[in-house]
Trainee: 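Quick one: the structure is below, and I'll ask about it shortly.
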Amino acid sequence: MEWWRWVAAGAETLLITVFVLLRFDSLREQGRGTGRAALLHGLVWALLVPAGFLAVLLSPAWLVLVLIAVPALAIAVLALAS
């Protein structure tokens, strides 16, 4: 594996982690039941972290750019919405 794939996978992991934390915070602020319900919903979203890491490692180069752009845009939208 090329070195840039590992760097891209690390960046993807960081972006998805930030996205999941922002999503958890927005769920908690919306008052979806208790904090426990938001935590369980956040854990479901946390399954995206290893899936994104593996997807970036095993994808072609053009798809890696798309996979990194999607959570970056989602983070920008969540940040602008709050």
Side-chain angles (χ1 to χ4, degrees):
M1 293 238 155
E2 298 93 1
W3 64 271
W4 64 268
R5 288 196 181 270
W6 292 99
V7 172
E12 178 77 4
T13 301
L14 180 68
L15 286 171
I16 292 177
T17 302
V18 169
F19 172 73
V20 168
L21 290 174
L22 284 172
R23 183 74 181 136
F24 172 71
D25 189 48
S26 67
L27 286 174
R28 198 171 43 100
E29 285 179 0
Q30 287 175 359
R32 281 217 177 161
T34 63
R36 179 181 162 98
L39 180 64
L40 289 176
H41 193 73
L43 288 176
V44 172
W45 280 92
L47 294 174
L48 288 175
V49 176
F53 183 83
L54 289 175
V56 168
L57 279 180
L58 303 175
S59 298
W62 64 271
L63 188 58
V64 169
L65 295 174
V66 172
L67 289 172
I68 289 176
V70 169
L73 290 173
I75 289 169
V77 168
L78 281 174
L80 290 173
S82 63

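Nothing here was measured: the structure is a model prediction, and the numbers come from that model. Hydrogens, waters and symmetry mates play no part in the numbers below; they use all other heavy atoms, side chains included.
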Trainee: Nearest 0.5 Å please: distance from the OG1 atom of T17 over to the CD atom of E12.
Mentor: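 If we round to the nearest 0.5 Å, T17:OG1 and E12:CD are 9.5 Å apart.
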Trainee: Roughly how far apart are I68 CD1 and I16 CD1, rounded to 0.5 Å?
Mentor: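 If I round to the nearest 0.5 Å, the distance is 9.5 Å.
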Trainee: Check for me, please, whether L63 and V56 land in the same ILVMFWY cluster - side-chain distances under 4.5 Å, paths through other members count.
Mentor: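 Looking at the clustering, V56 is in the same group as L63.
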Trainee: Do L58 and W6 land in one hydrophobic cluster if side-chain heavy atoms of ILVMFWY residues count as linked below 4.5 Å?
Mentor: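 Yes, same cluster.
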Trainee: Applying side chain to side chain contact (heavy atoms under 4.5 Å, CB included), name anything that partners L22, two or more places apart in sequence or on another chain.
Mentor: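 Checked L22 against side chain to side chain contact (heavy atoms under 4.5 Å, CB included); matches are V18, I75, L78.
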Trainee: Is W4 atom CH2 crowded by more than 12 heavy atoms from other residues, nucleotides or ligands, each under 6.0 Å away?
Mentor: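 Correct, the count exceeds 12.
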Trainee: I need the minimum non-hydrogen distance between S59 and L67, along with the two atoms involved.
Mentor: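 The answer is OG-CD1, 3.7 Å.
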Trainee: Should L47 and L14 be counted in the same cluster of Ile, Leu, Val, Met, Phe, Trp and Tyr side chains packed under 4.5 Å apart?
Mentor: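 No, L47 does not connect to L14 through the hydrophobic network.
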Trainee: Indicate yes or no: at least one non-hydrogen side-chain atom of V64 is less than 4.5 angstrom from one of R5.
Mentor: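 In contact.
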Trainee: Given the rule that I, L, V, M, F, W and Y join up when any side-chain heavy atoms are under 4.5 Å apart, are W62 and L65 in one cluster?
Mentor: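 The answer is no; the residues belong to distinct hydrophobic clusters.
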Trainee: Identify whether V77 and L15 are in the same connected component of the hydrophobic contact network (ILVMFWY, side-chain heavy atoms under 4.5 Å).
Mentor: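 Hydrophobic grouping puts V77 apart from L15.
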Trainee: Using the six-membered ring wherever Trp is involved, compare the ring planes of W45 and F19 and label them parallel, tilted or perpendicular (cut-offs 30° and 60°).
Mentor: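 Perpendicular.
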